[in-house]
Amino acid sequence: MLDQSFYTKTDEILSKYPAQERSLIPIIHEVQEAYNYVPLELLPYIAKHIGITETKAYSVASFYERFSFEPKGKYIIRVCDGTACHVRNSLPVLERLREELGLSSQKKTTDDMLFTVETVSCLGACSLAPALMVNDHVHPAMTPDKATEMLKTLREEDAKS
Amino acid sequence: MGKMIIDGIPVEFTDEQNILSVIRKAGIDLPTLCYHSELSIYGACRLCNVEDDRGRMFASCSERPRDGMIIKTSTPRLVQYRRLLIELLLASHHRDCTTCVKSGDCELQRLAHRLGVSSVRWGYKERTHKKDFSSPSIVRDPDKCILCGDCVRVCEGIQGINAIDFAHRGTEAMVIPAFNKDIAHTDCVNCGQCRVVCPTGAITINTNIRPVWEALADPNVKVYAQVAPAVRVAVGQAFGGAKGENVMGKIVAALHRLGFDDVYDTTFGADMTILEESKEFLEVFEKGGPFPLFTSCCPAWVSFCEKRWPEFRNNISTSYSPLQMLASVAREYYADPAKNEGKKIVSVGIMPCTAKKAEILREDLKRDGKQNVDYILTTEELISMIRRAGIRFDLIEGEAADMPFGIGSGGGVIFGNSGGVMEAALRTLCEGPERSSIEQLRNSGVRGPGPLREFTFTYKGNEIRAAVVSGLAEADALLRRIKSGESIYHFVEVMACRRGCIMGGGQPAHAGFRTKEARKHGLYESDVNTQIKKSNENPLALSVYDTLIKGREHELLHSHR
């Protein structure tokens with residue numbers, strides 16, 4: 001059972017959109033923005049509000065890689081593994097990040113909920129290859145060592161806040 | 001209107017919606033997996049691909065016929081393409097064909113044979129998902145799913161439920177309930193239409209063959225069966241008989257051979273339902289509401305109404321369904337030691353319906369904590385039992401159903417058709433000379449094509465506004481109109497499956513248009529050949545009121561929802 005505050009927040013989001021099927025994706029987007037993930041319990045709630053079945057809401061939400069049903073870390077690191085990044089050695093960057101954080105393709109988020117590491121098919125930043133994103137910020141021309149350095153900086157940033 | 005050339009032969013077309021229909025009309029059975037004429041067009045399987053004169057390849061199901069088109073349906077390229085598609089489908093399908101319940105009746109298997117796919121180059125898909133046995137009606141086996149989407153479209157489009165849908169994507173795509181929960185914990189109403197359209201073993205009937213067979217073999221148990229109207233017109237074809245032929249006599253004989261001590265006709269129960277339901281209707285009608293009164297025979301409809309339209313719950317007739325009527329009365333009958341011979345009684349319903357498997361478990365249908373019916377066998381399961389026992393159905397001589405519940409009226413037998421319950425109920429209200437008044441009712445609009453029929457009937461100078469609807473999405477739309485006041489009816493019959501029980505979830509699948517029509521006519525013809533037309537003239541049904549259930553009608557024949 002989710003805390004009541006989740007529903008209050010969702011109501012706030014729902015009130016911004018017409019109660020129609022087409023509002024589903026924008027609503028899920030905003031929910032994910034608010035919590036870093038889409039709490040599963042909210043899907044039937046949203047579906048009911050906009051007049052679709054929970055099955056349909058789940059069908060759409062599970063289709064998009066972008067939507068996550070698992071809570072994510074404070075820093076979401078998206079390593080690009082598109083063609084350009086791949087040929088310019090994005091995999092060693094990914095491996096280094098996983099190694100340092102004790103993550104794998106199955107386990108994507110650290111236990112302290114600080115980091116989430118995932119791959120994406122293309123960031124559209126091919127000229128900066130190999131690239132990765134930390135939340136909304138692009139890091140160009142990555143190397144494994146630069147990745148280690150980046151983690152260190154992020155940890156420091158977190159400690160300060 | 002126009003003409004096109006298909007494989008060199010000129011073919012006229014009129015109002016066909018797609019090229020596929022024209023091709024099939026021309027006598028070419030183009031293979032398809034995702035095309036069903038009653039579902040929306042999806043174009044997923046690509047097996048119906050054809051080539052035009054410029055070598056362009058496209059799915060014939062989703063292209064309109066145009067005058068002067070030149071179409072080829074089986075060029076080497078197309079044949080190769082189709083084989084490749086099947087091969088790819090097989091590669092991502094858990095192929096335990098020899099022991100699969102669907103083997104021999106599987107559309108995918110049939111197409112692989114037909115198109116000559118003799119090997120699969122891409123290995124074998126191991127089992128990766130658990131089967132879902134949570135429903136009393138159907139079993140889901142996601143490893144057998146080929147993502148054709150037929151079940152999704154029938155569940156959402158025809159039934160308006162959407163209990164299952166596509167989830168995830170790419171190689172992880174699956175057809176599952178929301179959050180991958182058990183199907184029993186969804187809005188599923190157990191209608192079984194998903195398993196009717198499923199071309200593989202991904203959705204199948206949850207079978208009760210084993211416990212029934214064990215009861216039959218137990219000398220301390222007396223097993224009786226009752227056979228629903230729609231079953232008798234769907235069994236013959238499986239044993240080489242004519243489509244839609246009424247083979248009730250042979251079914252009774254086969255059941256006796258299987259070891260059933262008594263075999264009754266659910267048509268008797270249908271007459272009881274009509275007796276009670278028409279009484280109930282007249283009460284409501286004379287009282288002036290609440291309208292409309294809904295029929296209660298279809299368990300998928302009852303479940304749908306409870307889940308989606310709780311405000312109409314109390315408008316559903318409290319009369320038992322025919323299955324429960326007969327079983328409830330039979331329970332009284334077998335309470336007599338002379339009849340039960342000191343044995344335990346096991347009650348089996350042979351039904352065209354998967355939802356009946358859920359109905360028998362309902363708390364409000366139990367008496368003293370015990371179910372009236374122990375097991376439901378669908379028509380498919382009956383066919384399979386006859387096969388396993390090696391009974392030569394084609395050669396067996398027909399027998400009559402056992403007394404005292406072996407006779408039903410013509411009104412009872414048409415219950416299996418959409419509109420049949422309504423017609424049977426209104427027959428009991430027919431005034432004037434029997435033949436002409438029944439004839440008049442028959443032509444009033446209660447019969448006919450389409451999922452919704454509205455008509456009026458005059459009773460003692462008053463007009464009864466009635467509607468007959470089949471398919472739950474259509475029923476849902478009707479309920480919306482009733483709620484808004486846009487449509488006003490006194491009496492509404494709802495059947496969850498399009499065309500009624502003859503196309504129920506437990507009936508042999510692979511029924512094309514001709515089979516559907518034949519089943520319908522089979523039941524209407526049985527009515528024609530029955531001496532007693534009206535349920536309220538069935539002497540056996542009337543007699544139980546003075547004997548077995550005397551003074552206990554309300555307790556024994558009505559649900560206390």
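So you know, we letter chains A, B, ... as the sequences are listed, proteins then strands, and number each from 1.
Considering only heavy atoms from C-beta on, A/Y58 comes within 4.5 Å of B/H168 through its side chain. The closest side-chain heavy-atom distance from A/L40 to B/F179 is below 4.5 Å.
Annotation for B/K181: atom NZ counts as buried by contact number, over 12 foreign heavy atoms lying within 6.0 Å. The number of heavy atoms from other shown groups lying within 6.0 Å of NE2 (A/H49) is above 12. Within 6.0 Å of NZ in A/K107 there are more than 12 heavy atoms belonging to other residues, nucleotides or ligands. When the shell of 6.0 Å around CD of A/E41 is examined, it contains more than 12 heavy atoms from other residues, nucleotides or ligands. In the displayed structure, A/R88 atom CZ is contacted under 6.0 Å by at most 12 heavy atoms of other residues, nucleotides or ligands.
No part of B/A173 comes within reach of chain A, as not one of its non-hydrogen atoms sits under 4.5 angstrom from that chain.
Contact record, B/I164 with A/T55: C-CG2, 3.7 Å, taken as the closest heavy-atom pair. Looking at every heavy atom in both residues, B/I161 comes nearest to A/T53 through O-CG2, 3.8 Å.
A/S59 places no side-chain N or O within 3.5 Å of a backbone atom of B/A167 that could act as its donor or acceptor partner.
One distance of note links CD of A/E54 with CG of B/N162; it measures 9.5 Å at 0.5 Å rounding.
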